[in-house]
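Single-structure report; data block below.
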Amino acid sequence: MSHVEPHIGFERQDILCLQEFATTDALDESITPYLYTQAAQPSHNAILTRYRVLETLDLPVPVKDPRVCFEPVQMARLEVQGRELMVYNCHLPIIHAGFAHRLPMLRGVLEHASQHSLPSVICGDLNSTLPAAGWRRLLVRLVHRVPAAALRVDESLYVGDERELVNDELEAAGFAEAFALPQATWAFPRSRFEPLSLKLDWVSVRGLTIIDACFDDYVTDHRRLFVTLGFL
């Protein structure tokens, strides 16, 4: 947290979704001076906000695989300017994981969102790593140790780009992505080298207007994404 904190700029943000924290204790201590509230249950992720938190929930993980490290998607229902807003903070699995692991988790989020008509944000690290079939996919599979069985979607081998698969699922549920699909959000650690132009991080909205969306430089191996939203 001490490495990231100087780059976050708490004073400029109303809702902040973070992933891959080592400890929640360090997070709590660093947030205290900024009057943020940890909205979701303790895990390696955090939703921080200046707004009133009405409800929090860690969504159940719909997939079981002893080789894969799963983190539940965090949900916070917030009161924003007298209205309610749902925020889903995601960090989907990557090692030993593929479509067969990540897609059911995304669909679980979309199913939960379908149970209400509130404006909603789905964001975070969806880890849409797998390119279309070819040598690039073989390379990603080798690095992330993805088994062949994880390449199946609804019992069929999926040969397309995972970014397109994720975007299709989001759009079918009424969500719009704030950033272009080809935009890379991940670089090789301690560099700005973007192998395969991987888009791992998403900010998708429903029932909201996207006023502005921009990305900043790399603080870790992921870009910071900033989105300004308004109610319809």
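The basis for the numbers below is simple: all heavy atoms, side chains too, and nothing from hydrogens, waters or symmetry mates.
Linking ILVMFWY side-chain heavy atoms closer than 4.5 Å, directly or via other members, places V159 and V140 in a single hydrophobic cluster. Placement of W135 and L142 in two distinct hydrophobic clusters is found when ILVMFWY residues are connected by side-chain heavy-atom separations under 4.5 Å, directly or transitively. L196 and I94 fall into different hydrophobic clusters, where Ile, Leu, Val, Met, Phe, Trp and Tyr side chains are chained together by heavy-atom contacts under 4.5 Å. Two different hydrophobic clusters hold I95 and V61 under the rule that ILVMFWY side chains link at heavy-atom gaps under 4.5 Å. Note: the hydrophobic cluster containing L130 does not contain L138 (ILVMFWY, side chain heavy atoms under 4.5 Å, direct or indirect links).
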Exercise for the section: Please lay out, stage by stage, how E55 and M75 fare under the test side-chain contact (heavy atoms from CB on, under 4.5 Å). Expected result: CA-CA 8 Å; E55 178 190 6; M75 182 282 293; 3.9 Å; yes

Problem - Working for side-chain contact (heavy atoms from CB on, under 4.5 Å), residues R67 and R145 - result: CA-CA 10 Å; R67 299 166 300 175; R145 303 190 292 280; over 6 Å; no

Exercise for the section: For the pair R77 and L118, evaluate side-chain contact (heavy atoms from CB on, under 4.5 Å) and give the outcome as yes or no after the intermediate values. Expected result: CA-CA 9 Å; R77 181 167 57 90; L118 295 175; 4.0 Å; yes

Exercise for the section: Please lay out, stage by stage, how E171 and N167 fare under the test side-chain contact (heavy atoms from CB on, under 4.5 Å). Expected result: CA-CA 6 Å; E171 287 188 344; N167 196 57; 3.3 Å; yes

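Under the side-chain contact (heavy atoms from CB on, under 4.5 Å) rule, L85 has a single partner from L54, I15, V205, which is I15. Of the listed residues (L225, L170, T185), just one forms a side-chain contact (heavy atoms from CB on, under 4.5 Å) with W202, and that residue is L170.
Shown here are the salt bridge (Lys or Arg N to Asp or Glu O under 4.0 Å) partners of E164, two or more places apart in sequence or in another chain: there are none.
Proximity of V73 to L106: side-chain heavy atoms (C-beta onward) are nowhere separated by under 4.5 Å. The side-chain heavy atoms of T129 and R102, taken from C-beta on, include a pair separated by under 4.5 Å. Using a 4.5 Å heavy-atom cutoff, the side chains of L110 and I122 are in contact. Within the 4.5 Å cutoff, the side chain of R206 has heavy atoms near those of the F175 side chain. Side-chain contact between H222 and E20: present, with at least one pair of heavy atoms (C-beta onward) separated by less than 4.5 Å. For the pair Y158/L151, no side-chain contact is recorded, criterion being any heavy-atom separation below 4.5 Å from C-beta on. Taking the side chain as every heavy atom from C-beta outward, V80 and F231 approach each other to under 4.5 Å. Using a 4.5 Å heavy-atom cutoff, the side chains of M105 and C90 are not in contact.
Ring orientation note: the planes of F179 and F215 are tilted relative to one another, at an angle of 30° to 60°. Between F70 and H101, the ring planes are tilted. Angles from 30° to 60° get that label.
In this structure, L200 CG and E162 CD are separated by 9.0 Å, a value rounded to the nearest 0.5 Å. One finds the OG1 atom of T49 at 9.5 Å from the CG atom of L16 (value rounded to the nearest 0.5 Å). Considering SG of C69 and CG of L92, their distance stands at 12.0 Å, rounded to 0.5 Å. Within the model, atoms CG of L18 and SG of C123 stand 9.5 Å from one another, a figure rounded to the nearest 0.5 Å. For the atom pair D58 CG and N45 CG, the distance stands at 9.0 Å (nearest 0.5 Å). Rounding to the nearest 0.5 Å gives a distance of 12.0 Å between OG of S204 and CD of E169.
Annotation for H112 and H116: closest pair O-CD2, 3.5 Å, computed over non-hydrogen atoms. Shortest non-hydrogen contact noted between A97 and A150 is C-CB, 4.3 Å. Closest of all the heavy-atom pairs between V227 and A178 is CG2-CB, 4.1 Å. Counting all heavy atoms, side chain and backbone alike, E84 lies closest to P119 at O-CD, 3.5 Å. Closest approach of V68 and P93 over heavy atoms only: CG1-CB, 3.4 Å. Between D154 and R107, the shortest heavy-atom contact is OD1-NH1, 2.9 Å.
No donor-acceptor pair under 3.5 Å is formed between the side chain of N89 and the backbone N or O of C17.
Between K199 and E177 there is a salt bridge, since a side-chain N of the basic residue sits under 4.0 Å from a carboxylate O of the acidic one.
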